[in-house]
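Below, each value reflects all heavy atoms present in this structure, side chains not excepted, and no hydrogens, waters or symmetry copies.
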Amino acid sequence: MALGGVRVLELAGLAPGPLCGMILADFGAQVVRVDRVSRFAEAHGDVQARGKRSLALDLKRPQGAAALRRLCGRADVLIEPFRHGVMERLGLGPEVLLQENPRLIYARLTGFGQTGKYAKSAGHDINYLALSGVLSKLGRKNENPYAPVNLLADFAGGGVMCALGIVIALFERARSGRGQVIDASMVEGVAYLSSFLWKSQKMGLWSQPRGQNLLDGGAPFYEVYRTSDGKFMAVGAIEPVFYKQLIKGLGLNLDELPTQMSVSDWPGMKKKFASIFAQKTQAEWCSIFDSTDACVIPVLSFDDAASHPHNKERSSFIKNEQGEMSPRPAPVLSRTPAVPSRKRDPFIGEHTEEILLEYGFTKQEIAKLYSDKAIGFKNLKANL
């Protein structure tokens, strides 16, 4: 695979860090999740551990921190999700680790970044979304702004952007031979994702208050409508040629309607469209629109998405050995596609000995780390 041979150490964390590590693992990197020994008896919250192995290490013990320093000496990438200053207090900051391994890519994935007023503050997706300005654009007319679960800042602005930064740094390292530090701020990541919103402000796309614009629920032809069986259809007929097919499918006469871009008529048109969509089931609307370019698509549940003919034809969703369904890695590469693992996620500490041996530790050193309570094993082997 494209990232075959790349060694990644992912310090266990929440949501965005695990996604970043999973992306790298899906495309071939050897990803080790460094778990806390203190969580040994717990069920790990990382549901994005596909293709990873687990090493249980207590970084608060000097022996554990020293072990991580040694591991980083042979690693290509370190993904670090802690709040500002934590790694420095442990003696594991980038100045230390990059001096010992100048080729290391040290990725720091945080909400607010390594500098600035909020660098040491706690936060979550909704907070990062708010500070980026993006949250102000999300929401219906006359309603409060709302966050679309935690997809935007945590996963898109955080996990995906950090993975992109790592791949870019690895590409550059191939030329220079040198690693570097990545300051991946979720605030800046999601702000960067919203570049189109910033750069299209003068185009008139966002000239109306929130929820009354072309793409935020204001237009009748870019909206979600309920069907007679309580399901929904997503309409995105922006271009006139697509809008004509939408109108035809709804059984309306274009000549008898206000012009498509008559903003003052949008509220009334939304009511008209809603009343028509409510007269048929989702399946009936699919039979009308599936063979057209009206840009009308059923809103599918996870189960329905996985079984939809288009997605099945592309194998867009995969099943692991436990029968759990999840999305296939994207994008698809023609020569070196991702081959995601279908094995179960690792238990905390399941691969501790195996990983340490690979990174040059002797069995005696591993036994000493265990007696010092610096490492943990899922199944302690008798010879230790």
| field | Among Arg178, Arg103, Gln180, side-chain contact (heavy atoms from CB on, under 4.5 Å) partner for Arg173 | value |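 That would be Arg103.
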
I'd like to know if the side chain of [X] reaches the main chain of [Y], judged simply by a donor and an acceptor atom lying under 3.5 Å from each other, with no hydrogens or angles considered.
{"X": "Asp125", "Y": "Asp154", "value": "yes"}
{"X": "Gln260", "Y": "Ile238", "value": "yes"}
{"X": "Thr352", "Y": "Gly376", "value": "yes"}
{"X": "Glu284", "Y": "Thr227", "value": "no"}

| request: Tell me, please, whether Tyr146 has Arg140 positioned over its six-membered ring: NZ or CZ under 6.0 Å from the ring centre and within 45 degrees of its axis? | output: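 No; the conditions do not both hold, so Arg140 does not lie above the ring face of Tyr146.
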
| query | In a check of side chain to side chain donor-acceptor pair (under 3.5 Å) between Arg53 and each of His351, Glu354, Glu350, which one passes? | reply |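 Only one option passes, and that is Glu354.
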
| field | Test of ring centre spacing under 6.0 Å for Phe112 and Tyr128 | value |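 Ring centres of Tyr128 and Phe112 closer than 6.0 Å.
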
Consider only side-chain N and O atoms of [X] and [Y], and report whether a donor and an acceptor are under 3.5 Å apart.
{"X": "Ser194", "Y": "Trp198", "value": "yes"}
{"X": "Arg50", "Y": "Ser326", "value": "yes"}
{"X": "Ser275", "Y": "Gln279", "value": "no"}

| request: State, to 0.1 Å, how close Val190 and Val134 come at their nearest heavy-atom pair, and which atoms those are. | output: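 Minimum heavy-atom contact is O-CG2, 3.9 Å.
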
